[in-house]
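Reviewing the structure listed below.
In this chain, numbering begins with 1 at the start of the sequence shown.
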Amino acid sequence: MTAFGYYIKILNSSKLFKTNREHLVENILREGGLSYEKEINSASLIKWADKKVPVNICGYFVNGKINENRIIKFYKRWIDNDWKSLQILFSQDINNNMVDCITDDSNTFYSSLTNQLIISLGFPVSEKTIEQMTLKFKQLVQDFDLSDFLINCKKYSYNFILDSEPYQPISKNRRKNIMDFYNAIENEILKQFSTEYNDHYIYQKIKELNKYLARFLEATLNSEVSFLSGWGFVYDELNDAIKSIISLYNDINIFNK
């Protein structure tokens, strides 16, 4: 059995995907970008797990690589509520050297699970680039639908609050959305690219942006109380965070263009 075969064996033993081994292999590979121009059926694909992954693996996939975002979404769709049980199974595999079996963050786990898939299939490990980092940031903004917020979050500033009748605090859904975005930046950008680019200008801008997102979340959490109690310092924190978020996002976007 190949390294890919062991990977599939663990996934299949979890019983989370509600299908047989053959269809699991095909579903994952198709989600990952296996080209439909290649006339390959399930029986042929299962040989990749049982015997040998083709040497020219890149030639079987669209653009010659795994579509990581689609793989992560595939895993989330099937196992999001039970990902911890799959983490335990991988922790029992003595050959595992990539899947994060310690983290309590599901996004970090899915990212590591996808990296293990790429390695098990024998794809060449590419060097991380600044372009990959900025594209990842752009993708996260789209995934969490936060472009408008990052440009127009000034509506939560002190002056806007004073003019609002009645006072409208930030919604719980919006707060959760921003918190999830904050966690995704931390786990999918700051942790992943720190070794190569910790001192790089754009990495530092993204890091600063995340710091002010945290301040924004804390300030808005307290803003309704402070609005009623006259705690002006909270609004100073809020206004400073908003000003910095808008400025930093603009800086990052200039680099992305």
Side-chain angles (χ1 to χ4, degrees), residues 16 68-87 103-111 113-114 134-192 205-229 231-253 256:
L16 296 173
E68 297 181 39
N69 287 330
R70 286 190 57 178
I71 288 290
I72 289 173
K73 288 179 180 178
F74 171 79
Y75 287 141
K76 286 184 175 181
R77 188 164 67 245
W78 280 102
I79 63 175
D80 209 23
N81 293 327
D82 298 299
W83 68 272
K84 274 288 186 181
S85 63
L86 186 58
Q87 186 184 47
T103 184
D104 288 321
D105 180 78
S106 60
N107 289 319
T108 300
F109 174 72
Y110 291 131
S111 181
L113 189 63
T114 302
T134 55
L135 285 173
K136 170 61 73 174
F137 176 81
K138 188 175 182 179
Q139 183 63 52
L140 290 176
V141 172
Q142 293 175 353
D143 288 347
F144 291 96
D145 193 23
L146 283 177
S147 178
D148 182 67
F149 164 79
L150 293 168
I151 295 171
N152 298 308
C153 58
K154 63 183 180 182
K155 69 181 181 181
Y156 297 108
S157 68
Y158 180 63
N159 291 335
F160 274 75
I161 289 173
L162 286 179
D163 293 337
S164 178
E165 290 291 346
Y167 169 63
Q168 294 292 326
I170 188 170
S171 70
K172 290 182 179 179
N173 286 339
R174 173 60 80 186
R175 281 186 56 78
K176 183 181 184 304
N177 192 231
I178 297 170
M179 178 60 76
D180 289 343
F181 177 63
Y182 168 88
N183 287 329
I185 289 178
E186 183 69 28
N187 292 303
E188 298 183 38
I189 296 180
L190 299 183
K191 287 183 179 179
Q192 297 297 325
K205 289 288 183 181
I206 294 173
K207 187 176 181 179
E208 280 284 293
L209 175 66
N210 231 31
K211 179 180 75 174
Y212 283 106
L213 283 173
R215 291 187 181 180
F216 173 86
L217 288 167
E218 182 179 2
T220 51
L221 185 64
N222 294 323
S223 63
E224 186 170 11
V225 175
S226 64
F227 178 75
L228 299 174
S229 306
W231 296 351
F233 72 90
V234 173
Y235 291 114
D236 291 338
E237 291 271 339
L238 181 58
N239 290 342
D240 181 52
I242 288 170
K243 181 180 178 181
S244 298
I245 287 170
I246 295 172
S247 175
L248 288 162
Y249 182 60
N250 287 334
D251 288 346
I252 295 167
N253 269 348
N256 265 329

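Note on residues 175-186: pairs passing salt bridge (Lys or Arg N to Asp or Glu O under 4.0 Å), not counting sequence neighbours, are Lys176-Asp180.
At most 12 heavy atoms of other shown residues, nucleotides or ligands fall within 6.0 angstrom of atom NZ in Lys243.
For Asn183, there are no side chain to side chain donor-acceptor pair (under 3.5 Å) partners, not counting sequence neighbours.
Salt-bridge annotation for Glu208 and Lys211: present, with a side-chain N of the basic residue lying under 4.0 Å from a carboxylate O of the acidic one.
Atoms CD and CZ, on Glu188 and Phe137 in that order, are 12.5 Å from each other to the nearest 0.5 Å. Taking CD1 of Ile178 as the reference point, atom CZ of Phe149 lies at 3.5 Å (rounded to 0.5 Å). A distance of 6.5 Å separates CD1 of Ile71 from OG1 of Thr114, quoted to the nearest 0.5 Å. Atom CG of residue Leu213 and atom CE of residue Met179 lie 9.5 Å apart, to the nearest 0.5 angstrom. Distance check: Leu209 CG to Phe181 CZ gives 6.0 Å after rounding to the nearest 0.5 Å. Interatomic distance, Leu86 CG to Ile79 CD1, rounded to the nearest 0.5 Å: 4.5 Å.
Minimum heavy-atom separation, Ser111 to Ile72: CA-CD1, 4.3 Å. Counting all heavy atoms, side chain and backbone alike, Ala241 lies closest to Phe216 at CB-N, 3.8 Å.
Using the six-membered ring where Trp is involved, Tyr110 and Tyr75 have ring planes that are parallel, under 30° apart on the 30 and 60° scheme.
At a cut-off of 3.5 Å, with distance as the only test, a side-chain donor of Asp105 or Asn187 sits close to an acceptor on the other residue.
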Taking only distance into account, with no hydrogens and no angle test, what donor-acceptor pairs under 3.5 Å do side-chain atoms of residues 141-148 form with protein atoms, sequence neighbours excluded?
residue : atom : partner : partner atom : Å
Asp143  : OD1  : Gln139  : NE2          : 2.7
Asp148  : OD1  : Asn152  : ND2          : 2.7

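Within the 4.5 Å cutoff, no side-chain heavy atoms of Gln87 are placed close to those of Leu113. Looking only at side-chain heavy atoms (C-beta outward), Thr103 and Phe109 come within less than 4.5 Å of each other. By the 4.5 Å heavy-atom criterion applied to side chains, Ile252 and Thr134 are not counted as neighbours. With a 4.5 Å cut-off on side-chain heavy atoms, Asn253 and Lys138 do not count as touching. Between Asn69 and Lys136, the closest side-chain pair of non-hydrogen atoms falls below 4.5 Å.
Listed for the Asn250 side chain is a donor-acceptor partner under 3.5 Å among the backbone atoms of Ile246.
Applying side chain to side chain contact (heavy atoms under 4.5 Å, CB included) to Arg215 and the options Asp240, Ile245, Ile242 leaves one that passes, Asp240.
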